[in-house]
Amino acid sequence: MLKYAFPRSPGERKGFTYREISPIVQDSGVPSWIAPETCIKCKGARNMCGLGYCPILESAKDSFPKIEFHGKEMFGSSPPSIFVGRYGYPKVYAGPVLPPFVSKDVEFLGLSSRLYGMGITEIIGKRGALYRTSSIYDVRRPKEKGGVLEATRMLAMAEKPVDLEVKLAKEVKGRAKLDFFHAPLGPRTDAEKARITENPVVPRKVDALVEDSDARATDAVEELYRAGIEIDRTQNLLSAGLLGNRRYRRMVPTRWSITAVDDMLGKRLMEKVRYYQEIGEFELYENTYLGNHFNILLIPEEWGFEMVEMWMKGSYWSPQDVTMSDWEPFEGRKTYAENITGGYYAARLAVLEHLYRRGRSAKALIYREISPEYWAPLGVWVVRETARRAMESGPLRFSDMESSLKTITERVHNKEWMKHSHTVMELRFQRKLSDYWEL
Amino acid sequence: MLHAKVKLNILKEIVDTASILVPEAKFNIEDNGLMTKAVDPSRIAMVSIEVRKEAFEEFEAKESMLGIDLEKLKETLKLGSSEDVLILDWDKDANTLVLKVGNLTRKMPLIDAGGMPDPKMPELDLPAKVTLPVEEIKKGVAAAKSISDNISLKISEDGFDLSSKAEGADQANLHLPKDALIDIEIRESARSTYPLEQFSKMINAIKSPNVTIRLGTDYPLDIIFEMANGMGNGRYLLAPRVENY
């Protein structure tokens, strides 16, 4: 039934260097008049080139083999996972995500913490076999008896993989879809009916918050987090329009819900972390995953956050080295981090989780370098999980800023990275009143 | 103990002066007025406020400390108009501040002031000093905003200069010769650079028409101004940026 082969990454072939690994950008057909910064800021999400589609994402799609599903009845186990599209908002595609087979071993496909550690090819291969079966719904009416939407809502609440039957409108032919925000997914197809064939297990906390028609979405998200519900599950719940004050419940496109949850949780933790005691030394954390090299420096000062990112020549979005930065002061930020976008909020959450656990406060400076080894975007979870793992590693400790910065510079390709950092300039040039007298 | 009647715009001036630096502040109440001092979280700026009891319509107090959430108080002040007279009472047992504006009563829990720091504000020996209208400085700040994150202040025999410079050729300079200033005192000329954002917040929060600026070279800036129609005074200190580290 299923004709599917894992795409071979060009890196698996012999004799390839980094530069050659990224055929996507070279042949992507991005018009030459579009500045490379534009693609990095947009990441296929904001139509900043005005073409109406993303040539990079489209050509990436073409490098994966077509997968096909013959027949109109799909029976499979959802990890559980759902997808809410954003085209046509507020009337969007929404529905279950499932592979065309029944298995209890699909759970890891829906949990970014368990995808961490796999290779790019493996992730695209395995996630690419998940079909997005969906119908069009109005996000303002996230309720419907029976039908695809009800199944979707039940999936969003489930804790373990759920078997379901989906009646498709036609046979499926398509390719895996890549996205900067969410993990790769397989082709989309119209669903006519969806029926869950077992009783899904719903965690008590989830059930309580879905029933709670007064709690604000932010409070609900925080409560789920404190109850130890995985962040991917919370995103599903928010996406399905199951959280928040009943009057304002909406379905939220998957892509938006990911950053929304990272931001909400980050803000909540920040309220606490701001007032904790500051750390005593400079601490430097490091981790690399799939060509994403993170150096995270904690500075013994009041809370603040900056992320500097360099997309190396030949990495996913960029035909040349491009460095960008976003930052926020103690009070937080009010505008979207439009240079770094989703990854900013994911990394900020990872750092805040660490500080919150320790009950300490610090200023954080992240330098992320993306090499051509990261040849396909896998989603914001890569940033969150890589940064989380970095914060779990033992840090190098420094008593002064310059030696900690020097250590980062020795480790990375772009020796000039500091020039892009607001925090570094601030630390070097801005004096404190306490430098002049004891406060 | 505290019982006071005060015009809303005066209380608002006090709150606005402090809230640009800190979300909450400790007010020391004495029988002849109130005062507060606070340092911003990044420790680059500091504010000190003293308002005498004459600024109030009525003021009865015994020595006490109140920790106040300035953001909350600000919200409450939006409920009245500037000429309204506000009644303030401190309910010691419930540890709340009770505000009455007209027929409206707002009770506000106080923050534990014990844990809030009492920053030291030393007597600074600064070589240059000017007094000038705030409006003039505002012009210089507005011009600098589109150019740089920094602003340089200079006091010399020629007068007072506010300037900012970008990496390219963009530059703005506000020069006020001696006769455009209300007062100038110089031991030696002084020049320092400050973060524009904080400087501009401070200048915009000042309600009095004139302001005195005391300056040293690569040294914190001292801004002194009147508050509550002359019945109080305020002071901001701001740490400089130093180019060669």
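We name chains A, B, ... by the order of the sequence lines, and we start the count at 1 in each one.
For the pair Leu405(A) and Arg428(A), the minimum side-chain heavy-atom distance is below 4.5 Å.
In this structure, the ring of Trp417(A) has its center less than 6.0 angstrom from the ring center of Tyr367(A). Two rings, from His175(B) and Phe160(B), have their centers 6.0 Å or more apart.
When each of Ser42(B), Pro119(B), Pro195(B) is scored by its heavy-atom pairs under 4.5 Å with chain A, the top score falls to Ser42(B). The most heavy-atom pairs under 4.5 Å with chain A, out of Met121(B), Lys120(B), Arg241(B), come from Arg241(B). Per-residue heavy-atom pair counts under 4.5 Å with chain B were compared for Glu426(A), Arg274(A), Met425(A), and the maximum is reached by Glu426(A).
Across every non-hydrogen atom of Gly280(A) and Pro300(A), the tightest pair is C-CB, 4.0 Å.
Heavy-atom distances place the side chain of Leu124(B), and not its backbone, under 4.5 Å from chain A.
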